[in-house]
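Below, each value reflects all heavy atoms present in this structure, side chains not excepted, and no hydrogens, waters or symmetry copies. Source: prediction; values computed, not measured. We count ligands from 1, going down the list as the structure has it; atoms in each ligand are counted the same way.
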Amino acid sequence: MNLLLAWPGSETLAQSLGLALSVPVESPVTRRFPDGEAYLRVGEVQGRDVAIVASLDRPDEKTLPLLFLADALRAEGAASVGLIAPYLAYLRQDRQFLRGEAVTSRTFARLLSGAFQWLVTVDPHLHRYHSLGEIYSIETAVVHAAPEIAAWIKANVECPLVIGPDSESEQWVSEIAGAIGAPYATLEKTRRGDRDVEVTIPRIERWPGHTPVLADDIVSTGRTMVAAIRRLAELKRLAPVCIGVHAIFAQDAWQALMAAKPARIATCNTIEHPTNAIDLTAALAAGIRKLV
Ligand code: R5P
């Protein structure tokens, strides 16, 4: 791969990846016509292996222009076109729960697989799929944020107790906790609606005096974190440090989380956000090198 293209909003990570991989970084010309249609223009790419760095939060506004861009690159003679999507969208709907529902994960995977030769992402939100290979027909590589999160906790939190968002996260939080010799627990979560979450924290009395560290793969509405912070306050525990891999912070999520008064919020730089504190450049560069 010998050219990185930075999609708007992913420029900072694209620049640091360019440095780590010793690959030049350019930006395509992108703008919207008054009627909302996308305009795109690429530079000289004849014979070059190109990768676009585009985090796919707010995927509906990004995907169509991204497909146009991949097509334009091929039309201009790029030898190959890959996608580095630190956050990969549309994994939630992985089956039909009700008759007639669109299984958007499959359609999205088919669209991206038709436009790119390869895909690298960070901790995709897989539930019923075991791997991206079940729905993506191109080569994919998954980078894990757990080692960098563990290192960040070790450097920044005294006597941590790592807490995962639900029982499904047990393997993930136990890996983070194990790497730094910390104990861990998982929340028992009941979600009654998008913004209506209730949690309990079993067995937390076993670790008095520890600093709770809530670690989640996605902070979307922020309500899981807010509910956990409230529960910890009821239990008269220290305010927690909140860590998220993907800082989606939909609508008022960031304000809601700040209002709950955590000790600190730290996210990975898969989606650009003021809370970014855990740099995954080196991990992503290693994942890209392995695949390409
Ligand atoms: C659940 O499966 C995830 O790990 C997160 O807990 C969830 O996506 C967080 O969502 P929210 O921020 O909307 O509570």
Side-chain angles (χ1 to χ4, degrees), residues 55-60 85-95 97 103-105 108 121-132 142-146 148-150 153 161-177 184-202 204 212-233 240-262 264-268 270-278 280:
S55 210
L56 294 178
D57 53 307
R58 292 173 289 112
D60 291 6
Y87 172 68
L88 183 60
Y90 277 114
L91 286 164
R92 174 182 294 124
Q93 187 88 33
D94 52 10
R95 54 170 272 214
F97 300 93
V103 184
T104 48
S105 54
F108 194 68
T121 189
V122 178
D123 287 338
H125 197 68
L126 299 173
H127 272 295
R128 278 160 283 263
Y129 300 127
H130 296 107
S131 73
L132 291 176
V142 169
V143 172
H144 298 289
E148 270 71 16
I149 291 176
I153 296 173
L161 162 65
V162 186
I163 303 176
D166 45 37
S167 53
E168 290 161 14
S169 68
E170 178 158 2
Q171 206 184 334
W172 188 63
V173 282
S174 69
E175 184 188 340
I176 295 172
Y184 73 90
T186 55
L187 302 177
E188 273 175 15
K189 175 157 98 174
T190 313
R191 191 184 276 279
R192 299 206 173 86
D194 287 345
R195 289 182 165 68
D196 185 3
V197 176
E198 208 178 275
V199 301
T200 56
I201 313 175
I204 191 164
V213 178
L214 299 168
D216 205 338
D217 61 343
I218 293 177
V219 187
S220 179
T221 66
R223 275 12 182 221
T224 303
M225 294 260 181
V226 169
I229 295 170
R230 289 199 183 129
R231 187 78 197 113
L232 286 163
V241 173
C242 294
I243 297 180
V245 178
H246 305 297
I248 290 183
F249 289 108
Q251 291 100 37
D252 67 342
W254 193 23
Q255 293 91 316
L257 186 51
M258 298 283 273
K261 298 198 184 337
R264 187 166 176 187
I265 308 171
T267 59
C268 299
T270 57
I271 297 172
E272 279 191 27
H273 192 267
T275 56
N276 287 171
I278 304 169
L280 299 185

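Legend: residues meeting side chain to side chain contact (heavy atoms under 4.5 Å, CB included) with Glu170, ordered by chain and number and at least two apart, are Tyr184, Thr186. In terms of the side-chain hydrogen bond (donor to acceptor under 3.5 Å, both in side chains) criterion, residue partners of Ser105 (sequence neighbours excluded) are, by chain and number, Tyr129. A search for salt bridge (charged side-chain N to carboxylate O under 4.0 Å, His left out) contacts involving Arg58 returns Glu61, not counting sequence neighbours.
Residues Thr270 and Val245 approach most closely at OG1-O, 3.2 Å, considering heavy atoms.
Side-chain atoms of Asp217 and His246 form no donor-acceptor pair, as typed in the model, at a separation below 3.5 Å. For the residue pair His273 and Thr267, no side-chain donor N or O sits within less than 3.5 Å of a side-chain acceptor on the partner.
Near ligand 1, His125, His127, Pro165, Asp166, Lys189, Arg191, Asp216, Asp217, Ile218, Val219, Ser220, Thr221, Gly222, Arg223, Thr224 each place a heavy atom less than 4.0 angstrom from the ligand.
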